[in-house]
Every structure is written in C-alpha cells, then in structure tokens.
Amino acid sequence: MHDHDIQALEYFGVYQRSQYLADTTISNRRSIITAFARHAGMLVDADVFTLRAYIGRPGPAKAGTRRTERGALTAFYTFLVEDGLRADNPAAKLPPVSVPKGKPRPFTAEQIDALLTTGAYTRTRAMILLGYYQGFRVSSIAPVHGHDIDLTSNRIRSVVKGRKELWFPLHPVIAELAATMPTDGYWFPARGGRDGHILPGSVTNLITRAKKRAEIAERKLTPHSLRHAFATDLLEEGVDIRVVQELLAHEHLSTTQIYTQVSEQRKDAGIRTLSPREITTTSGRGSVKVAA
C-alpha cells in the first residue's frame with residue numbers, strides 16, 4: 001500500500017474506536033481492507049469496478065464471507081467521503097450480496113451429555129454449561145467474573161456484541177456452578193503469568209478438544225453450536241420467540257427466526273394431530289370401507 005493508503009487506514013481505525021466498536025470488529029475490518037489492497041494494488045483510489053471484481057472474484061469464499069467483505073469496504077469508503085479524504089464513494093454502487101438463509105447447527109442432548117462426561121476438565125465443563133444453559137458466545141464465556149453473578153436477583157451480567165452490558169436470568173445450573181467458582185476473580189483466568197482472563201480462542205480450543213474426546217464427528221458442530229442448542233431447545237419447549245430473542249441478545253427478530261426451522265419433532269407432532277378418517281377405495285357406491 002502507498003503511504004496515503006496506510007494513513008487512511010489508520011485514520012479509519014481511530015474513527016472506529018471513537019465509535020466504541022468492538023476490537024474484533026475493528027481488527028476483522030482491517031484484515032479485509034488490507035487483503036483487498038494487496039489484491040487490487042491500491043486502496044484509497046480504487047474504483048467501483050475494482051471493488052466489484054474483488055467481491056465477485058473466483059474462489060471458494062462463501063456468500064457470507066463476501067457479504068462481510070462488502071460491509072467492511074462500504075464502511076471504509078463511506079468514512080473516506082465523510083472525512084473529505086475522497087470525493088465519491090465507489091462502494092455505494094456495490095450490489096448487495098445474496099446469502100442463503102442459514103440453518104442452526106445445535107448439539108443434541110446426548111452430545112452435550114457426552115461433552116460433559118468424557119474427560120473434560122472442570123473449567124472446560126463450566127464453559128460448556130455456560131454455552132448451553134446461558135446461550136453465551138465464546139466471547140462472553142471467556143471474561144465471566146465472580147462479580148458478574150448476582151445470586152440475590154438470580155442474574156448474570158455479560159458484555160455482548162457492540163460492547164453492550166446486559167443482565168440475563170441466571171439458570172439454576174449456573175447458579176449451582178457459581179458456588180464452586182471464584183467470587184472475586186475471573187472464572188477462567190489467563191495462564192502463563194498474564195493478567196486478565198483467557199482469550200475467546202482458548203475457549204473454542206478447549207470445547208473443540210472436548211468434542212473430539214466425546215467422539216462427535218460432525219464437522220459443522222462448533223462451540224457456537226451450544227448456543228444454537230440453547231435457542232433450539234427453548235423454542236422446542238414452547239418459549240415465545242421474542243423471549244428467546246432477548247435471551248440471545250439479538251437486535252433483530254429475523255436473526256432469531258432461523259431457529260424455528262429446526263423443529264422437526266414439532267412438525268411431526270403437529271401433522272399427527274389431524275384425526276384419521278375412514279376412506280373408501282371407490283366412489284362409495286357399495287364399496288367396502290377401509291379404516292385409515
């Protein structure tokens with residue numbers, strides 16, 4: 001990248017931090033924009049044709065990845081225009097990326113039992129329980145602190161996407177777990193002499209190892225699938241979808257609605273509520289009736 005490209009990217013970073021965006025969001029956008037600049041050989045001066053060619057480039061990248069790239073590039077060029085670093089916005093003419101509606105990938109009850117009973121250490125089991133009984137992402141599991149637990153009101157505090165601090169109902173299983181965890185420190189402190197808590201990536205690694213020990217071979221199942229199981233099981237039990245939306249801290253109901261696709265058991269039960277009828281093998285003129 002040229003010097004003015006590097007400087008513009010640094011300015012964009014400062015702008016995002018002033019918006020109080022999550023560090024992961026800022027880092028991911030920087031990686032996307034840097035990868036585009038390497039591919040295109042330019043950044044600030046890129047035109048819409050170069051942007052379209054990049055988003056539509058041949059290769060294995062999924063539609064969801066292309067949509068994320070489009071969002072990062074749009075945010076960057078919009079910033080350039082707003083700050084007077086460029087007169088026009090080439091990303092404004094990028095077409096939307098069509099992404100097939102995703103399907104949740106929940107662990108089954110049997111798989112969750114296997115995760116917990118096939119050799120996972122105490123702290124890994126605690127992470128699994130937080131993922132399933134509270135529906136926490138790994139980024140919310142890693143920083144859990146004793147001060148986040150309020151046993152008087154039965155609430156647990158968490159910082160979710162966008163750095164929003166929220167209090168959620170505390171599941172009885174997690175309330176019982178809290179009695180065995182630090183009350184004045186991180187539940188999962190960093191190791192190796194570092195201060196603070198472990199990184200979300202470490203949570204992912206530990207739960208993934210537990211999955212391997214449990215001999216769960218389905219590749220699409222990830223630590224995030226505990227959150228999917230949380231949402232799916234709540235809906236299966238008849239919990240209102242808007243309640244589930246709040247428990248997941250989803251801003252939009254449409255995000256929660258993907259979990260309504262999974263309920264095969266409820267579909268089977270639903271169709272069986274139609275009472276059988278007597279049917280005839282002919283028009284009914286003297287034919288023998290056959291029970292359904």
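Residue numbers run from 1 in the order of the sequence given.
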Parallel, tilted or perpendicular: which describes the rings of F76 and F12, with under 30° parallel and over 60° perpendicular? perpendicular
Do side-chain atoms of [X] reach the backbone of [Y] as a donor and acceptor pair under 3.5 angstrom?
X	Y	value
T34	S31	no
S140	F136	no
R70	P95	yes
T255	E251	no
R137	S139	no
R155	W167	no
T232	A229	no
T180	E176	no
T208	T204	yes
R86	V44	yes

Check whether any side-chain heavy atom of [X] sits under 4.5 Å from a side-chain heavy atom of [Y], and report yes or no.
X	Y	answer
I55	L73	yes
L129	L226	no
Y11	L80	no
L166	V159	no

Worked check of side chain to side chain contact (heavy atoms under 4.5 Å, CB included) between H224 and R227: CA-CA 5 Å; H224 198 75; R227 179 172 164 88; 3.5 Å; yes
Run the side chain to side chain contact (heavy atoms under 4.5 Å, CB included) test on D88 and V81 for me, step by step, so that the C-alpha distance in whole Å, both residues' side-chain angles and the decisive distance to 0.1 Å come before the verdict. CA-CA 6 Å; D88 64 316; V81 172; 5.7 Å; no
Going from [atom1] on [X] to [atom2] on [Y], what distance comes out if it is rounded to the nearest 0.5 angstrom?
X	Y	atom1	atom2	result
T183	H147	OG1	NE2	7.0 Å
N28	I33	CG	CD1	11.0 Å
D5	D45	CG	CG	6.5 Å
I207	L221	CD1	CG	12.5 Å
D233	H228	CG	NE2	12.5 Å
H145	R157	NE2	CZ	9.0 Å

Flag for [Y]-[X]: side-chain donor and acceptor within less than 3.5 Å:
X	Y	answer
Q111	E218	yes
S202	N205	no
S153	D150	yes

Grouping I, L, V, M, F, W and Y whenever their side-chain heavy atoms are under 4.5 Å apart, do [X] and [Y] come out in a common cluster?
X	Y	answer
I112	I216	yes
W187	L116	yes
L9	I26	no
I128	L199	no
Y77	M42	no

Aromatic ring proximity F188/H197, centre distance under 6.0 Å: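 That pair fails the under 6.0 Å test.
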Check for me whether the distance between the ring centres of Y132 and F230 falls short of 6.0 Å. no
For [X], I'd like to know if atom [atom1] has over 12 heavy atoms of other residues, nucleotides or ligands within 6.0 Å.
X	atom1	value
D240	CG	yes
Q19	CD	yes
R52	CZ	yes

Of all heavy-atom pairs between [X] and [Y], which one has the smallest distance, and what is that distance?
X	Y	answer
A178	I149	CB-CG2, 4.1 Å
L151	A175	CD2-CB, 4.2 Å
A126	M181	CB-CE, 4.2 Å
H171	Q134	N-OE1, 2.8 Å
A231	L248	CB-CD1, 3.8 Å
P143	D148	O-OD2, 3.8 Å

Is there a side chain to side chain contact (heavy atoms under 4.5 Å, CB included) between M127 and I198 once you walk through the steps? CA-CA 12 Å; M127 294 170 184; I198 64 172; 3.3 Å; yes
Establish, yes or no, whether the cationic atom of R123 lies under 6.0 Å from the six-membered ring centre of Y121 and within 45° of the ring axis.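 R123 over Y121 ring: no.
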Would F79 and L85 count as a side chain to side chain contact (heavy atoms under 4.5 Å, CB included) if you check the C-alpha gap in whole Å, the side-chain angles of each, and the deciding distance to 0.1 Å? CA-CA 8 Å; F79 157 76; L85 300 175; 4.1 Å; yes
Does R57 pair with E69 as a salt bridge, N-O distance under 4.0 Å?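 Yes, this pair counts.
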